[in-house]
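The structure under discussion appears below in the form of structure tokens.
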Amino acid sequence: MKKKLNVGLIGYGFMGRTHSNAYCKVGHFFDVPYQPVLRVVCGLEEKVAKAFAEQWGYESYTTDWHKVIEDDNVDVVDICVPNNVHAEIAIAAAKAGKAIVCEKPLALNGVQGKKMVDAIEKAGVANLVSFNYRRVPAVTLAKMLIDEGRLGRIFHYRANFLQDWTISTKVPQGGMATWRLDVKAAGSGVTGDLLAHCIDTAMWQNGPIGSVCAMTETFVKERMHVETGKVEPVGIDDACTFFCRFDNGSLGNFESTRYARGHKALYTFEINGEHASIAWDLHDLHRLSYFDHRDESIVRGWRSVHVTDSDMPYMGHWWVPGLQIGYEHTFVHQAADFLVNLAKGKPTSPTFREALATQYVCDAVLASAKEKTWKKVKKA
Ligand SMILES: NC(=O)c1ccc[n+]([C@@H]2O[C@H](COP(=O)([O-])OP(=O)(O)OC[C@H]3O[C@@H](n4cnc5c(N)ncnc54)[C@H](O)[C@@H]3O)[C@@H](O)[C@H]2O)c1
């Protein structure tokens with residue numbers, strides 16, 4: 001019998017579902033040392049929390065997150081609430097000695113993020129921030145190829161995260177899912193919501209970012225606020241583009257917007273090295289494009305590697321070669337890595353401190369756009 005690990009989930013929305021699904025599946029596909037037990041779910045509306053508990057098999061539900069922290073039987077607190085609530089819950093959970101999984105971005109800003117890191121490190125609790133795209137097998141494979149030196153010296157890193165769901169002026173700010181448009185709840189717009197993913201992946205693959213130069217725009221300046229019922233100014237960045245210099249000397253070029261008509265979640269990156277290049281696209285997430293200049297010229301060209309063979313990252317745990325997996329599996333991989341490391345007392349990347357480094361890049365990007373100048377990135 002595996003040791004039980006009781007999960008207290010805070011937030012039953014989009015991420016609450018992906019994390020719950022991961023806890024349900026992880027033990028079936030990975031040889032993990034713990035059996036996650038869905039102990040308690042918490043969210044703002046009692047009726048919805050109750051229905052969620054019934055649907056996913058949580059033993060109990062509450063509308064007060066403090067009860068999750070106070071529950072002696074909860075081992076892991078999993079934070080899936082809007083960004084402005086992360087810090088308070090994480091700091092309380094750390095003081096209570098709980099292991100913590102927290103959704104991205106870590107916090108509203110670096111100052112708040114630093115307080116979280118201090119609390120977590122002081123308490124010495126296991127911690128992980130859910131930058132799940134690292135655990136798409138093709139993205140993990142890209143990191144392996146870079147670490148093996150196949151690309152040689154890296155010159156360029158470019159990434160985009162494009163959506164189109166806020167073009168209508170009728171989309172409100174505040175409330176379930178649309179809290180993303182309310183700067184008080186989100187901290188920033190596409191920078192913290194979407195570019196944070198690109199920055200996390202980029203620094204994991206290509207090392208720290210040292211300085212940035214950014215521009216942002218808020219295309220729709222006023223929107224109705226769900227909570228007040230009034231039309232209020234919009235404080236988030238609808239679009240953000242930035243250049244950067246990585247510490248290894250390579251140049252970065254990042255863009256995110258929610259105004260790219262036709263794109264729903266087009267996260268792409270391309271990395272150009274001395275010998276080889278890599279490209280990836282979330283809409284075709286099981287493929288990795290690879291070009292190697294060392295190939296014989298008559299067959300040289302971009303290869304589209306179908307990342308499904310059992311010797312590719314995570315894939316040996318799933319079906320047979322040729323059969324794909326998708327978005328939800330990134331959270332299963334994250335849960336598997338977290339549980340294995342937890343049993344060994346080892347950290348799982350990205351930790352709160354690693355996520356703070358991403359937060360500092362976001363801060364520098366927003367400051368650069370505001371002040372119209374290059375900004376150095378603080379080291380975490
Ligand atoms: N890793 C990813 O790819 C990814 C994708 C989407 C969202 N996120 C992150 O996940 C977090 C949640 O986003 P979401 O899309 O699931 O949001 P959502 O709007 O779908 O759900 C938010 C949940 O938080 C609950 N909540 C809000 N305030 C609360 C409070 N004070 N106490 C208890 N519960 C509270 C709501 O009841 C709701 O259940 C955010 O930090 C977001 O940035 C990450």
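Atoms within each ligand, like the ligands themselves, are counted from 1 in listed order.
The shortest N or O to N or O distance between P105 and ligand 1 is not under 3.5 Å. Among the atoms of T63, none of the N or O lies under 3.5 angstrom from an N or O of ligand 1. For F14, a nitrogen or oxygen atom sits less than 3.5 Å from a nitrogen or oxygen atom of ligand 1, counting backbone and side chain alike. At least one N or O atom of M15, backbone or side chain, sits closer than 3.5 Å to an N or O atom of ligand 1. Considering backbone and side-chain atoms together, R180 places an N or O closer than 3.5 Å to an N or O of ligand 1. For ligand 1, none of its N or O atoms has an N or O atom of E45 under 3.5 Å away. Between A177 and ligand 1, an N or O atom pair is found at a separation short of 3.5 Å. Polar contact with ligand 1: present for V81 (N/O pair, distance under 3.5 Å). For the pair Y133 and ligand 1, the shortest N or O to N or O distance does not fall below 3.5 Å.
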*Under the ring-ring contact (aromatic ring centres under 6.0 Å, His included) rule, what do Y314 and H329 come out as? Steps first, then yes or no, please.*
CA-CA 9 Å; Y314 300 109; H329 303 88; over 10 Å; no
*Would you sort out whether D281 and T268 count as a side-chain hydrogen bond (donor to acceptor under 3.5 Å, both in side chains), showing the intermediate values?*
CA-CA 4 Å; D281 172 352; T268 55; over 6 Å; no
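For the side chain to side chain contact (heavy atoms under 4.5 Å, CB included) with S256, the lone residue among L195, N160, T191, D238 that qualifies is L195. Checked against C80 for a side chain to side chain contact (heavy atoms under 4.5 Å, CB included), the options R17, M15, H86 give a single hit: M15.
Close contacts between ligand 1 and Y327 involve ligand atoms 3 (O) [criterion: under 4.0 Å to a heavy atom]. Taking a cut-off of under 4.0 Å to the non-hydrogen atoms of C80, the atoms of ligand 1 that pass are 12 (C), 22 (C), 23 (C), 24 (O). Using a 4.0 Å cut-off to heavy atoms of H197, the atoms of ligand 1 that qualify are 1 (N), 2 (C), 3 (O). Residue S130 has at least one heavy-atom neighbour below 4.0 Å for each of these atoms of ligand 1: 1 (N). The ligand atoms of ligand 1 that sit less than 4.0 angstrom from a heavy atom of G43 are 34 (N), 37 (O).
In E103, the part holding a heavy atom less than 4.0 Å from any atom of ligand 1 is the side chain. No part of Y267 comes within 4.0 Å of ligand 1, judged by heavy-atom distances.
Given atom 21 (O) of ligand 1, the protein heavy atom at minimum distance is G13 CA, 3.4 Å. For atom 32 (N) of ligand 1, the nearest non-hydrogen atom of the protein is W65 CD1, 3.6 Å. In this structure, the protein non-hydrogen atom closest to atom 38 (C) of ligand 1 is M176 SD, 3.8 Å. If you check which protein heavy atom lies closest to atom 30 (C) of ligand 1, you get L44 CD2, 3.5 Å. If you check which protein heavy atom lies closest to atom 43 (O) of ligand 1, you get K104 O, 2.8 Å. Of the protein's non-hydrogen atoms, W179 NE1, 3.3 Å is the one closest to atom 17 (O) of ligand 1. The protein non-hydrogen atom at the shortest distance from atom 41 (O) of ligand 1 is N83 OD1, 2.6 Å. The protein non-hydrogen atom at the shortest distance from atom 27 (C) of ligand 1 is P82 CD, 3.3 Å.
In this model, no donor atom of one side chain and acceptor atom of the other lie less than 3.5 Å apart for Q334 and N132. Side-chain atoms of D78 and H19 form a donor-acceptor pair, as typed in the model, at a separation below 3.5 Å. Side-chain contact, N341 with T348: a donor N or O sits under 3.5 Å from an acceptor N or O.
Taking the six-membered ring wherever Trp is involved, the centroid distance between the rings of H197 and Y267 does not fall below 6.0 Å. Aromatic ring centres of W374 and F242: separated by at least 6.0 Å. Proximity of the aromatic rings of Y290 and W302 is defined here by a centroid distance below 6.0 angstrom, and this criterion is not met.
One option in N132, D193, V41 has a heavy atom closer to atom 2 (C) of ligand 1 than any other, and that option is N132. Of the candidates F331, F52, Y12, Y12 brings a heavy atom nearest to atom 39 (O) of ligand 1.
The two residues D182 and G174 make their nearest non-hydrogen contact at CB-N, 3.8 Å. Of all the heavy atoms in A364 and V377, the pair that sits closest is CB-CG2, 3.9 Å.
For H86, the closest heavy-atom approach to ligand 1 falls below 4.0 Å.
Taking 4.0 Å as the cut-off between side-chain N and carboxylate O, R150 and D292 do not count as a salt-bridged pair. A salt bridge links E328 with K25; the closest basic N to acidic carboxylate O contact falls under 4.0 Å. Between D71 and K67 there is no salt bridge, since no side-chain N of the basic residue sits under 4.0 Å from a carboxylate O of the acidic one.
Checked by atom type and distance alone, the side chain of N248 pairs as donor or acceptor with a backbone atom of N206 at under 3.5 Å.
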